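The structure under discussion appears below in the form of structure tokens.
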Amino acid sequence: MSHLLTLPDAGALSIRAKALVFEDPGSVALLERVEQVAPTDATVLVIGETGTGKELLARRVHQGSGRRGPFLAVNCGAFSEALIDAELFGHESGAFTGASQARAGWFESANGGTLFLDEIGDLPLALQVKLLRVLQERQVVRLGSRKPIPLDVRLIAATNVDLRNAVAAGHFRADLYYRISVATLELRPLYERPGDILPLARHFLANYSARLGITGASLAPDAEQALLAHDWPGNIRELENVVHYALIVAPASRLTAVDLQVIQRSVAGASRGGRPLPATAAAQAADTAIAAAPAIDALREVFLQRLHAAQPDLFNKVEETLVKTAFELCGGNQVHTARQLGLSRNVLRTLLKRHGLLDAGHDLSEPAAPATAG
Ligand SMILES: Nc1ncnc2c1ncn2[C@@H]1O[C@H](COP(=O)(O)OP(=O)(O)OP(=O)(O)O)[C@@H](O)[C@H]1O
Ligand SMILES: [Mg+2]
């Protein structure tokens, strides 16, 4: 059974964010929970690593709530501490220097709808007190005003850190934690819901090939295997990017494992098995860095393996593979290849020669120069 839901009111979203693919048994169970929670007024806490689909899920909850007001998403980590008060709760004119006009805050703007507070763990402690008060009193008072404004706002908060650790460390108020975690929805990392990987890949394949005007895009069996074997530190967003990029660079519409450029990170993969959510800001930052640089990490693992195996010509092989791959990617164009690798064209030509890549067959960018051959 396919669980592809369309979110018709996701107006501000890019087209890629409008459908939910939930096929793994764990995801199907989560979706059932979403459908139970959505029509209630309960505050929801969405927990999940980066790129697991927290915002998409929050939109789904809003859509299932029947609320007619807007869905507004606010990133608590994106504001300066000085402004976040006014941003959330609004202000009257003259409330502070620079406040020339009165403005509604996010809570007021979301009235009748849903306010999504992303990265709630980043909310400064002083603001946490105010947020708690707003949730308890169901009204907001703009800065510089005394008049309370009644609120009918459904709050959904999201976090990619374990807030219980933040509570234990004194960074997050326990009373606010209990208040916002009335209903929790936990998105497991992608590698823990393998049944979602191929449906998601096909979903992104269809989506992006339509956008790119590619017809008949498909996944070769080795591509499917590579996708299933990867451990996806950047989760669904990483999968989406991998498929999108492969469609751009692949020479044919049937994508192979090589086109997808995912190398199994076996060592790192083993170490992340069953890992709980990152507990500290440092761990979270490290995670984000890994998600941003999976390729470098994968390379490191390969290098480590080869070094342990004491491969004698390792340096030469690595250099050759890098130069050859870039040269092929750029269709044999030396100028483009040099730019890709951040080298001067002379250095590139030296490397191409060294690895026997500068012959008539490879040097597509210009007529073969007999003097340089051999
Ligand atoms: N179940 C799903 N089906 C289809 N697409 C999904 C699904 N989950 C996530 N995506 C897509 O993956 C990308 C990341 O999702 P989203 O932005 O909701 O993740 P997130 O958990 O909020 O990430 P971050 O922690 O980095 O903010 C988006 O492009 C989203 O459309
Ligand atoms: Mg998000």
Side-chain angles (χ1 to χ4, degrees), residues 1-35 44-64 71-78 114-123 156-163 184-208 210-211 227 232-245 247 277-278 281 283-294:
M1 186 160 76
S2 173
H3 293 268
L4 190 88
L5 301 168
T6 313
L7 305 188
D9 65 342
L13 281 176
S14 65
I15 66 159
R16 67 182 177 176
K18 285 184 185 170
L20 276 176
V21 178
F22 269 15
E23 291 211 16
D24 189 88
S27 301
V28 174
L30 178 66
L31 197 59
E32 278 163 15
R33 209 171 132 64
V34 168
E35 304 307 333
V44 176
L45 180 63
V46 184
I47 308 170
E49 287 185 7
T50 182
T52 47
K54 295 186 291 297
E55 182 162 346
L56 205 62
L57 201 71
R59 288 180 187 276
R60 172 76 200 133
V61 170
H62 172 67
Q63 205 231 331
F71 174 95
L72 295 182
V74 181
N75 188 327
C76 297
T114 302
L115 183 63
F116 176 57
L117 289 183
D118 206 357
E119 294 180 29
I120 186 106
D122 287 347
L123 205 64
I156 305 180
T159 180
N160 56 11
V161 295
D162 191 332
L163 284 181
T184 57
L185 298 173
E186 183 169 359
L187 283 157
R188 301 306 304 162
L190 183 55
Y191 80 103
E192 284 186 21
R193 33 178 168 137
D196 284 341
I197 295 177
L198 294 182
L200 277 166
R202 292 188 198 109
H203 165 68
F204 293 130
L205 199 69
N207 219 324
Y208 282 102
R211 281 216 248 175
L227 292 175
W232 303 109
N235 296 296
I236 299 178
R237 183 174 297 108
E238 183 188 359
L239 174 60
E240 180 173 0
N241 290 340
V242 160
V243 171
H244 185 188
Y245 186 70
L247 279 168
L277 286 170
Q284 189 197 342
D287 254 21
T288 313
I290 291 171

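We're numbering straight along the sequence, starting at 1. Atom set for the values below is all heavy atoms of this structure, side chains included, hydrogens, waters and symmetry mates excluded. As the structure is a computational prediction, the values presented were derived from the model and not from experiment. Whatever order the structure lists them in is the order used to number ligands and atoms, beginning at 1.
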In short, Leu20 meets Leu56 closest at the heavy-atom pair CD2-CD2, 3.3 Å

Backbone or side chain, does any N or O of His203 fall under 3.5 Å from an N or O of ligand 1?
no

Any idea which atoms of ligand 1 are less than 4.0 Å away from a heavy-atom of Glu55?
18 (O), 22 (O)

In terms of its nearest heavy atom to atom 15 (O) of ligand 1, the top option of Gly234, Ala73, Pro199, Gly53 is Gly53

Between Leu200 and ligand 1, find which residue part has any heavy-atom pair under 4.0 Å and reply side chain, backbone, both or neither.
side chain

With the threshold set at 4.0 Å, does a side-chain nitrogen-carboxylate oxygen contact exist between Arg60 and Glu35?
yes

Return yes when Gly51 approaches ligand 1 closer than 4.0 angstrom through a heavy atom, no otherwise.
yes

By number and element, which atoms of ligand 1 are closer than 4.0 Å to a non-hydrogen atom of Phe22?
1 (N)

Nearest option to atom 28 (C) of ligand 1, as decided by whichever heavy atom of Arg237, Glu23, Glu240 sits closest
Glu240

Looking only at non-hydrogen atoms, the one of Thr159, Leu20, Leu56, Val21 nearest atom 5 (N) of ligand 1 is Leu56

Does a side-chain heavy-atom distance below 4.5 Å link Val21 with Phe204?
no

Leu185 and Val61, any side-chain heavy atoms less than 4.5 Å apart:
yes

Does Phe204 approach ligand 1 within less than 4.0 angstrom via side chain, backbone, both or neither, non-hydrogen atoms only?
side chain

Criterion side-chain contact (heavy atoms from CB on, under 4.5 Å) on Leu187 and Asn235, from CA distance to verdict
CA-CA 10 Å; Leu187 283 157; Asn235 296 296; over 6 Å; no

Taking every heavy atom of Ala201 against every heavy atom of Leu239, the minimum-distance pair comes out as N-CD2, 4.0 Å

Given side chains that start at C-beta, do those of Leu45 and Leu163 come closer than 4.5 Å, heavy atoms only?
yes

